[in-house]
**Student:** 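My questions all concern the structure below.
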Amino acid sequence: QVQLVESGGGLVQAGGSLRLSCAASGRTFSSYAMGWLRQAPGKEREFVATISWSGGNTYYTDSVKGRFTISRDNAKNTVYLQMNSLKPEDTAVYYCAASSTGWTTSHFVIHYWGQGTQVAVSS
């Protein structure tokens, strides 16, 4: 089993930056893709970004392209989400997730996820 723990959330002003971290513990496999999802009040949970097990492939939802960067450090069993130029619409609870089925959103079946970390962006 895998446990995921997110950190790095907080309150920032529009235009600011945050770096989220997700640390994995327990047994992991090379086939695991990692991703970040978020859920804002009154909205469905959505994919924000995903990254393949090798780190060579990434996906970003249109609303964050050019502003967010997902990366991973397999030696540390950690995935990151660098969020720049934050907007109030980015306010949500962000969740880290792991999948053994693929990095694309159509294949990303969530096998594990963390408790979430709150990101709030004020205007």
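All residue numbers refer to positions in the sequence shown, counting from 1. Both backbone and side-chain heavy atoms feed into the values below; hydrogens, waters and symmetry mates do not.
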**Student:** Can you see whether Trp53 has Arg72 sitting over its ring - NZ or CZ less than 6.0 Å from the centre and within 45° of the normal?
**Tutor:**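 No, Arg72 does not lie over the aromatic ring of Trp53.
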**Student:** Is there a path of hydrophobic side-chain contacts, each under 4.5 Å between heavy atoms, that joins Leu81 and Val64?
**Tutor:**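 Same hydrophobic cluster.
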**Student:** Which of parallel (below 30°), tilted (30 to 60°) and perpendicular (above 60°) describes Phe68 and Tyr94?
**Tutor:**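 The arrangement is tilted - the two ring planes meet at 30° to 60°.
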**Student:** Specify the closest pair of heavy atoms between Ser71 and Ile51, including all atoms of both residues, with the distance to one decimal.
**Tutor:**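 Heavy-atom minimum between the residues: CA-CD1, 3.8 Å.
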**Student:** Let me confirm one number: the CZ-OG distance from Phe108 to Ser100, rounded to the nearest 0.5 Å.
**Tutor:**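 One gets 9.5 Å once the value is rounded to the nearest 0.5 Å.
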**Student:** Check whether more than 12 heavy atoms from other residues, nucleotides or ligands sit under 6.0 Å from atom NE2 of His107, and answer yes or no.
**Tutor:**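 12 or below, so no.
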**Student:** Starting at CE of Met83, measure out to CG of Leu20 and round the result to the nearest 0.5 Å.
**Tutor:**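 CG of Leu20 is found 3.5 Å from CE of Met83.
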**Student:** Side chain to side chain contact (heavy atoms under 4.5 Å, CB included) for His111 and Thr101? Distances and angles first, verdict last.
**Tutor:** CA-CA 9 Å; His111 290 88; Thr101 53; 3.7 Å; yes
**Student:** When rounded to the nearest 0.5 angstrom, what distance separates OH in Tyr32 from OG in Ser99?
**Tutor:**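 Those atoms lie 9.0 Å apart.
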**Student:** Which heavy-atom pair separates Ile70 from Met34 by the least distance, and what is that distance?
**Tutor:**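 Ile70 and Met34 have their closest heavy atoms at CD1-O, 4.1 Å.
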**Student:** So does Ala120 get a backbone contact from the side chain of Thr91, meaning a donor-acceptor N/O pair under 3.5 Å?
**Tutor:**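 Absent.
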**Student:** Indicate the atoms forming the closest heavy-atom contact of Ala14 with Ser123, along with that distance.
**Tutor:**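 It is CB-CA, 4.3 Å.
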**Student:** May I ask you to say whether Asp62 pairs ionically with Lys65, meaning some side-chain N is under 4.0 Å from a carboxylate O?
**Tutor:**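 Result for this pair is yes, salt bridge flagged.
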**Student:** Does the side chain of Asp73 pick up a donor-acceptor pair with the side chain of Thr78 at under 3.5 Å?
**Tutor:**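 Result is no, nothing qualifies.
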**Student:** Is it the case that atom CH2 in Trp113 sees more than 12 heavy atoms from other parts of the structure closer than 6.0 Å?
**Tutor:**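 At most 12 heavy atoms, drawn from other residues, nucleotides or ligands, come within 6.0 Å of this atom.
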**Student:** Mind checking the CG-OG1 spacing from Asn84 to Thr69? Nearest 0.5 Å is all I need.
**Tutor:**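 Atom-to-atom, Asn84:CG and Thr69:OG1 are 6.5 Å apart.
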**Student:** Begin with the C-alpha distance, continue with both residues' side-chain angles, and end with the deciding distance and a verdict on side chain to side chain contact (heavy atoms under 4.5 Å, CB included) for Gln115 and Glu6.
**Tutor:** CA-CA 7 Å; Gln115 84 288 352; Glu6 303 99 330; 2.7 Å; yes
**Student:** For the CG atom of Leu86 and the CZ atom of Arg67, what is their distance to the nearest 0.5 Å?
**Tutor:**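 The CZ atom of Arg67 is 6.5 Å from CG of Leu86, to the nearest 0.5 Å.
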**Student:** Test side chain to side chain contact (heavy atoms under 4.5 Å, CB included) on Leu37 and Gln39 and set out the steps.
**Tutor:** CA-CA 7 Å; Leu37 297 89; Gln39 186 168 23; over 6 Å; no
**Student:** Indicate the atoms forming the closest heavy-atom contact of Ser17 with Ser85, along with that distance.
**Tutor:**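 Between these two residues, the closest heavy atoms are OG-N, 4.3 Å.
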**Student:** Show the nearest heavy-atom pair for residues Cys96 and Leu4, with the distance to one decimal.
**Tutor:**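 That closest heavy-atom pairing would be O-CD1, 3.7 Å.
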**Student:** Which heavy atom in Gly8 sits nearest to a heavy atom in Leu18, and how many Å separate them?
**Tutor:**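 Where Gly8 meets Leu18 most closely, the heavy atoms are O-CD2, 3.7 Å.
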**Student:** Determine, step by step, whether Thr50 and Thr104 satisfy the side chain to side chain contact (heavy atoms under 4.5 Å, CB included) criterion, reporting the C-alpha distance in whole Å, the side-chain angles of both residues, the deciding distance to 0.1 Å, and the verdict.
**Tutor:** CA-CA 7 Å; Thr50 64; Thr104 62; over 6 Å; no
**Student:** Give a yes or no answer on whether the side chain of Gln118 reaches the backbone of Ala92 with a donor-acceptor pair at less than 3.5 Å.
**Tutor:**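 Such a contact is found between Gln118 side chain and Ala92 backbone.
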**Student:** About how many Å separate CZ of Arg38 and OG1 of Thr61, when rounded to the nearest 0.5 Å?
**Tutor:**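 One finds 7.0 Å between OG1 of Thr61 and CZ of Arg38.
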